[in-house]
Participant: 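This is the structure I want to talk about, given as structure tokens.
Both backbone and side-chain heavy atoms feed into the values below; hydrogens, waters and symmetry mates do not. For the single chain, residues carry numbers from 1 onward in sequence order.
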Amino acid sequence: SAVLLGCLGGGGIAPAAAAVVDDGDLKLLLQEMAALRTASLGQQKQMAQLQDMLLTDEQRRQLTASNEPSATAGASGVRILTERAMVALGPESDIVFRRVANMTSHISGETQFDKVRVNSTDDVLIGDCTLTQILDRECTTASGTYYTTTT
């Protein structure tokens, strides 16, 4: 059997817009329409999920408390969760604080401290020598001379 398709406008079916479609073509058309509807609904769901994942500028700038049982537990601050994270400061980005390896950072630019506390002079490295070795004159440079200290 055949089905007569036409435009569904206010004036009914216009003779020039009418077409005869057999059952097989109609089933195919309905399957394609159902597939398009399913795909469209899937895309709408994905878009809604992506919009939920997007943060506003205000949300991105909020500081949140850490929920990890570590040295940062209970603290708030900035966390950059990438292997080679960095923070650049200044209009020319001339001061850079960068993570270079596990438990290792690099600071470019001049760095000044009001106070530095270390557990031991063995914890302070100057070149390949500890501060203890330099103070005890037990470290030599590549040229064989001792590091010198001034007081």
Participant: Identify the heavy atoms of Gly109 and Ile95 that sit nearest to each other, and give their distance.
Facilitator: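 The answer is CA-CD1, 3.9 Å.
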
Participant: Would you compute the distance between atom CG of Asp94 and atom CD of Glu110 and round it to the nearest 0.5 angstrom?
Facilitator: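 Asp94 atom CG to Glu110 atom CD measures 11.0 Å (nearest 0.5 Å).
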
Participant: Within the distance-only criterion (no hydrogens, no angle test), does the side chain of Thr121 pair as donor or acceptor with the backbone N or O of Leu131 below 3.5 angstrom?
Facilitator: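 Flag not set: sc Thr121 to bb Leu131 has no pair under 3.5 Å.
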
Participant: Measure the CG-CE distance between Leu50 and Met47 for me, rounded to the nearest 0.5 Å.
Facilitator: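 Output value for this atom pair is 6.5 Å.
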
Participant: Give, for atom CG of Leu125 and atom CG of Asp123, the distance between the pair rounded to the nearest 0.5 Å.
Facilitator: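 Between atom CG of Leu125 and atom CG of Asp123 there are 8.5 Å.
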
Participant: Transitively linked via ILVMFWY side-chain contacts under 4.5 Å: Met103 with Val124?
Facilitator: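 Met103 does not cluster with Val124.
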
Participant: Is there a donor-acceptor contact under 3.5 Å from the side chain of Thr104 to the main chain of Asn102?
Facilitator: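 Yes, Thr104 side chain to Asn102 backbone: donor-acceptor pair under 3.5 Å.
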
Participant: Between CG of Leu28 and CE of Met33, what distance do you get to the nearest 0.5 Å?
Facilitator: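 Reported to 0.5 Å precision, the distance equals 12.5 Å.
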
Participant: Less than 4.5 Å apart, side chain to side chain, heavy atoms only: is that true for Val96 and Val87?
Facilitator: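 Not touching, per the 4.5 Å side-chain cut-off.
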
Participant: Do Leu41 and Lys45 have side chains that approach each other closer than 4.5 Å (heavy atoms only, starting at C-beta)?
Facilitator: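 Side chain of Leu41 against side chain of Lys45, heavy atoms only: no contact under 4.5 Å found.
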
Participant: In the single-linkage hydrophobic clustering (I, L, V, M, F, W, Y; side-chain heavy atoms under 4.5 Å), do Ile134 and Val118 co-cluster?
Facilitator: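 Yes: a chain of side-chain contacts under 4.5 Å links Ile134 to Val118.
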
Participant: Check whether any side-chain N or O of Ser40 sits under 3.5 Å from a backbone N or O of Leu36 as a donor-acceptor pair, and report yes or no.
Facilitator: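 No, because the side chain of Ser40 does not come within donor-acceptor range (under 3.5 Å) of the backbone of Leu36.
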
Participant: Check Val100 against His106 and note the closest heavy-atom contact, atom names and distance.
Facilitator: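 The pair with the smallest heavy-atom distance is CG1-CB, 3.9 Å.
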
Participant: Donor-acceptor check, side chain of Arg98 to backbone of Arg84, threshold 3.5 angstrom: yes or no?
Facilitator: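 Flag not set: sc Arg98 to bb Arg84 has no pair under 3.5 Å.
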
Participant: Is Phe97 linked to Val116 within one hydrophobic cluster, defined over Ile, Leu, Val, Met, Phe, Trp and Tyr using a side-chain heavy-atom separation of less than 4.5 Å?
Facilitator: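 Each belongs to a different hydrophobic cluster.
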
